Amino acid sequence: MRFRSEYEGPWASCSRRIDVKTGEWRFQRPVTKVGKCRECGWCYIYCPSGCRKVEEGHFSADLDYCKGCGVCARFCPARAIMMVREED
Amino acid sequence: MKTSEARQVRVMEGNMATAFGVLLSKPDVISCFPITPQTSLGEALSRFVADGLLDAEIIEPEGENSALSILIGASVAGGRTFTSTSSQGLSFMYDAYLFTAGNRLPIVMVIAMREMPAPHGVIAGQQDAILVKDAGWIQFYAESCQEILDSTIMAYRLAEDPEILLPVNICYEGFYLSYQSQRVEIPTQDEVDRFLAPIENSERLRLCLENPMSFSSYTFPGELYTEYRYKHCQALQRAKEKCEQIDREFEDIFGYGYGGQIEEYRSEDADVVIVTMGSCTGTARGVVDRKRDEGLKVGLIKIRMFRPFPSERLIAALKGKQAIGVIDRNVLYASSCGHGFLELKSLLHELEPPTPLLIDFIAGLGGTDITPQHLERVIDTTYSALDGQTVKPVTWLSLE
C-alpha cells in the first residue's frame with residue numbers, strides 16, 4: 001500500500017503553512033480620514049477579515065489582508081472611511 | 001485482583017446502568033437531547049453532575065444534530081465525550097453521525113433502540129440502530145442492564161485505542177432494557193481506573209496551540225480520500241481482535257467477561273444453534289436449557305458486536321452445525337428477511353460442507369414480546385427443517 005498521509009484520519013499538520021495575502025484580491029481600499037475618526041471601533045468590530053489596526057488617534061486597514069469589501073466604510077458612524085479604487 | 005466485596009448491588013433500569021457506566025468512565029463533555037426511551041439517562045447524568053459526583057460539562061443542545069456536533073468539537077479538542085439517542089433522534093443526527101466516523105473520533109453513544117416511523121409507535125425495536133450499521137461506527141448490542149454498564153466502560157477502551165480510534169455505539173432495546181429494572185453490580189471506581197486510563201494519557205491527535213493541526217481537511221485528489229476510507233476499514237477489522245483482548249483484560253480485573261464479539265452458550269456440542277442479538281437472549285438461554293433437559297442438542301450464539309461483523313468467530317462457532325435458526329428483531333426490505341440472516345447467509349459458503357440449514361425468524365417488531373413460546377417454535381421449526389420437512393426460509397413469528 002502506498003499512502004500519502006502519515007495520519008489515520010483526515011488530519012494535516014499546519015507546520016507547512018501557506019500564507020495567502022488576501023489583500024492581493026482587492027480592487028478598492030479603505031482610506032481613513034485621520035481627523036474625522038472618533039476611535040469608536042465599529043470598523044474593528046465589523047471587519048469580516050479582522051484586519052483593522054489600532055493606530056495613534058485612529059483606525060486603519062492592514063492592506064496585506066484587507067480584501068476591500070467596504071463594510072468598514074458602510075458602518076463608520078463618523079463617515080471617516082472612504083473607499084478608493086486601487087488604480088486611482 | 002478481585003475486589004467484588006466492595007461493589008454495590010442495586011436494582012436499576014438500563015438507562016441508569018448506562019449512567020453509572022458513564023460516571024465511572026469520567027467523561028469531560030456530555031450532550032444529550034431527550035427522546036423516549038432514553039430521556040431518564042440524560043436526567044441521571046445531570047443529577048450526577050449537580051451532586052458533584054461527576055466532573056463533566058453538560059451542554060444542553062437544541063436537537064440531536066447539535067448534541068453530536070458539540071461532541072465532535074469536544075472530541076477534536078481531546079476530550080472524552082458521551083451522548084445518547086433513539087429513533088428519529090438518530091436520523092436527525094445522521095450527517096454528524098457520518099462526520100464522526102469519517103474523522104475517526106472516539107465518541108461513545110448509546111442508542112436506546114426504538115422502531116422508526118411509519119407506522120408510528122413509540123415502541124421497542126432494533127431498526128434505528130440497524131439502519132446505520134454501515135456508517136463506519138462500531139456497534140455493540142447488549143443483553144442485560146449489567147452488560148450495558150460494562151459495555152459502556154469497554155466502549156471507551158476500544159474507541160480510544162491508538163490502533164482503533166473509532167466511535168462506538170452501545171445499542172439496547174428501548175423499554176425492554178432502557179426502562180426495565182434488573183439487578184446490577186456497580187464496579188468500583190478503583191477497578192474501572194485500572195481498566196480505563198484517563199483521557200489525558202492519550203496521545204491521539206487533537207487541536208491545540210502547541211502542535212497546530214488542521215482537522216477534517218479537504219482531500220484532493222481523490223486518492224487521499226480513498227486512503228482514509230481504506231484506513232477506516234482496516235481499523236474496523238482490527239477492532240475485532242482488540243475487542244477480544246479488551247474483554248480478556250476486563251475479565252482479569254472484574255472477574256467476569258462477555259466472550260468478546262460473540263458469546264457461545266451450550267453450543268459447542270450442539271447440532272442446532274439459535275442466533276440472537278439483544279434482550280431476547282436472556283429468554284433464549286432459559287428455553288435452550290429446557291430443550292437440553294428434554295435431550296435436544298441445541299445451543300445459543302449471541303452476537304454482541306454487529307459492526308464490524310464477527311465473521312471469523314462465527315465461522316469457528318458454526319463449524320459442524322446442522323441447522324441454524326436466526327432471530328431478527330429488524331427487517332431488511334431488500335430481501336424480506338432480517339439483517340442478521342443476510343449476514344450469516346454470507347458466511348455459509350465459508351463453512352465446510354455439508355452446509356448447515358439457515359432459517360430466519362422475524363420476531364418482536366413494534367415492541368411485541370419475544371416469548372419463550374416463540375423461541376420454542378424457533379427451535380422446533382429448525383429441527384423440523386432438519387428432519388426434512390419443508391420450512392420457509394423466513395418465518396414472521398407473530399403472523400404465522
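Since this is a predicted model, take the numbers as computed values, not measurements. Chain naming here is simple, since letters A, B, ... match the order of the sequence lines and numbering starts at 1 in each.
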Which residue out of B:K231, B:R104, B:R204 racks up the most heavy-atom pairs below 4.5 Å with chain A? B:K231
Of B:D150, B:I153, B:L24, which meets side-chain contact (heavy atoms from CB on, under 4.5 Å) against B:F195? B:I153
So what's closer than 4.5 Å to chain A heavy atoms on B:L207: side chain, backbone, both or neither? both
Ion pair B:R248/B:E241, N-O distance below 4.0 Å: yes
Interface residue of largest heavy-atom contact number with chain A, from B:G102, B:S214, B:A235, under 4.5 Å: B:S214
Kindly assign one of parallel, tilted or perpendicular to the pair B:Y258 and B:F250, based on the angle between their ring planes and the thresholds 30° and 60°. tilted
Rounded to the nearest 0.5 Å, what separation is found between the OG1 atom of B:T226 and the CZ atom of A:R4? 9.5 Å
Structural part of B:Y230 lying under 4.5 Å from a heavy atom of chain A: side chain
